[in-house]
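To keep things clear, I will list the structure first and then write my remarks on it.
Chain letters run A, B, ... following the sequence lines, proteins first and then strands; every chain starts at 1.
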2 protein chains.
Amino acid sequence: MSQADRTAAKVEQLERNCHQHGLPMTAQRREVLQALVLRLDHPTADQVLDDVRKRLPEISRATVFRVLETLVRIGIVRKVCHPGSAARYEVEGRRHHHLVCTGCEKMIDLEDPTLDHLSLPGVGSGFHIQDYSIQFVGLCTTCARKQKGHVRSS
Amino acid sequence: MSQADRTAAKVEQLERNCHQHGLPMTAQRREVLQALVLRLDHPTADQVLDDVRKRLPEISRATVFRVLETLVRIGIVRKVCHPGSAARYEVEGRRHHHLVCTGCEKMIDLEDPTLDHLSLPGVGSGFHIQDYSIQFVGLCTTCARKQKGHVRSS
DNA sequence: CTGCCTGCAAACGATTTGCACCAGC
DNA sequence: GCTGGTGCAAATCGTTTGCAGGCAG
């Protein structure tokens with residue numbers, strides 16, 4: 001599937017989900033989602049804002065926050081937690097995991113079928129597990145090189 | 001091991017690590033760590049502050065943030081990322097995973113030996129994996145009950 | 001002594017909210 | 001026309017920082 005197709009499919013899904021939830025479809029929602037689909041990484045709200053402004057220059061920061069939250073609520077977008085300060089967002093898609101670099105805080109997607117069917121723990125507590133995702137923490141190539149020899153700078 | 005023993009052991013480790021890093025040992029550091037050991041959940045900095053103030057009433061908020069960051073740096077405490085707003089902290093210990101409730105944002109620890117030895121993916125990218133932890137997302141018993149029948153309130 | 005640590009208050013960055021107006025249905 | 005969405009600016013929340021003492025080593 002091409003990038004354009006993926007985008008179109010997502011926008012369509014957005015329209016469906018908005019409808020299901022009785023929410024109007026707006027240009028802002030479409031553009032925010034589109035910007036997110038086009039990115040391969042996990043942008044912060046501000047990065048999304050920058051992208052969207054290229055096509056919708058008058059959009060407000062607050063709206064981007066509101067729209068992102070809405071997209072998360074209706075299940076099209078996932079808010080991923082990140083050790084860094086600002087929250088990151090990504091479109092919901094295939095199950096995948098994250099490599100997080102403790103050096104530069106970069107986050108890389110990892111798809112690995114062997115990790116996709118963990119036997120879910122039979123939690124006695126009655127917790128209802130809907131999904132899971134693994135966070136691998138470590139050092140990316142660049143940071144690993146940098147740390148050679150150093151103990152700790154700060 | 002009793003709770004008191006665990007606390008003592010951790011404080012001792014703190015003294016050792018401070019020494020190793022050339023950092024002075026202070027009452028604030030001891031109390032912050034102690035407060036964290038005594039909690040079974042993943043408190044925010046403010047929750048830690050409340051606990052510590054019971055024994056050290058004049059401690060400042062800024063100090064709690066600074067001390068927590070120090071404890072993370074010297075490897076006694078872990079900052080866990082959480083979809084919610086404020087960062088959470090926990091003492092480093094055995095490997096465990098987290099159940100995160102999407103309803104109330106509660107986070108529950110889960111120790112499960114069957115999940116402790118995942119075959120780490122042979123990442124081609126040269127990423128250096130040091131550790132991992134799994135996030136299970138779902139609904140806790142309370143929130144699961146609440147959602148029965150509702151579609152979505154807000 | 002000297003350097004790191006602390007308390008306080010102010011600064012900061014990310015996110016949320018109140019309000020007046022506009023657009024989708 | 002009513003409901004919910006948007007832009008703007010102000011408020012809020014979590015966290016960090018600058019500075020003047022204080023205390024550990």
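- Note on A/D5 versus A/K10: no salt bridge recorded, every NZ/NE/NH1/NH2 to OD/OE distance being 4.0 Å or above.
- Looking at residues 37-50 of chain A, you'll see that no heavy atom sits under 4.0 Å from any atom of DNA chain D.
- Within the 4.0 Å cut-off from OP1 or OP2 of C/dT6, not a single side-chain nitrogen or oxygen of B/S60 is found.
- Between the side chains of B/D109 and B/H98, at least one donor N or O lies within less than 3.5 Å of an accepting N or O.
- Listed by first then second residue, pairs satisfying salt bridge (Lys or Arg N to Asp or Glu O under 4.0 Å) with a partner in residues 32-44 of chain A read A/R39-A/D41, A/R39-A/D51, not counting sequence neighbours.
- Over its full length, the helix from C/dC1-D/dG25 to C/dC25-D/dG1 turns its helical axis through 40°, comparing axes from the five pairs at each end and rounding to 10°.
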Go through B/Q13 and B/R16 one step at a time and tell me if the side chain to side chain donor-acceptor pair (under 3.5 Å) criterion holds. CA-CA 5 Å; B/Q13 189 191 343; B/R16 254 181 291 124; 5.7 Å; no

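- Ring geometry for A/H42 against A/H96 counts as tilted: the plane angle lies between 30° and 60°, on a 0 to 90° scale.
- Heavy-atom nearest nucleotides on DNA chain D were determined for A/V64 and for B/R61, and the one closer to the 5' end corresponds to A/V64.
- Applying the salt bridge (Lys or Arg N to Asp or Glu O under 4.0 Å) rule to pairs touching residues 56-67 of chain B yields B/D46-B/R61, sequence neighbours excluded.
- In this structure, B/R29 atom CZ and C/dG7 atom C1' are separated by 15 Å, rounded to whole Å.
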Which letters describe nucleotides 17-25 of chain C, given B = protein heavy atom under 4.0 Å from base, S = only from sugar-phosphate, - = neither? BB-----SS

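- When DNA chain D is scanned 5' to 3' for any atom under 4.0 Å from a heavy atom of chain B, the first and last hits are D/dG14 to D/dG25.
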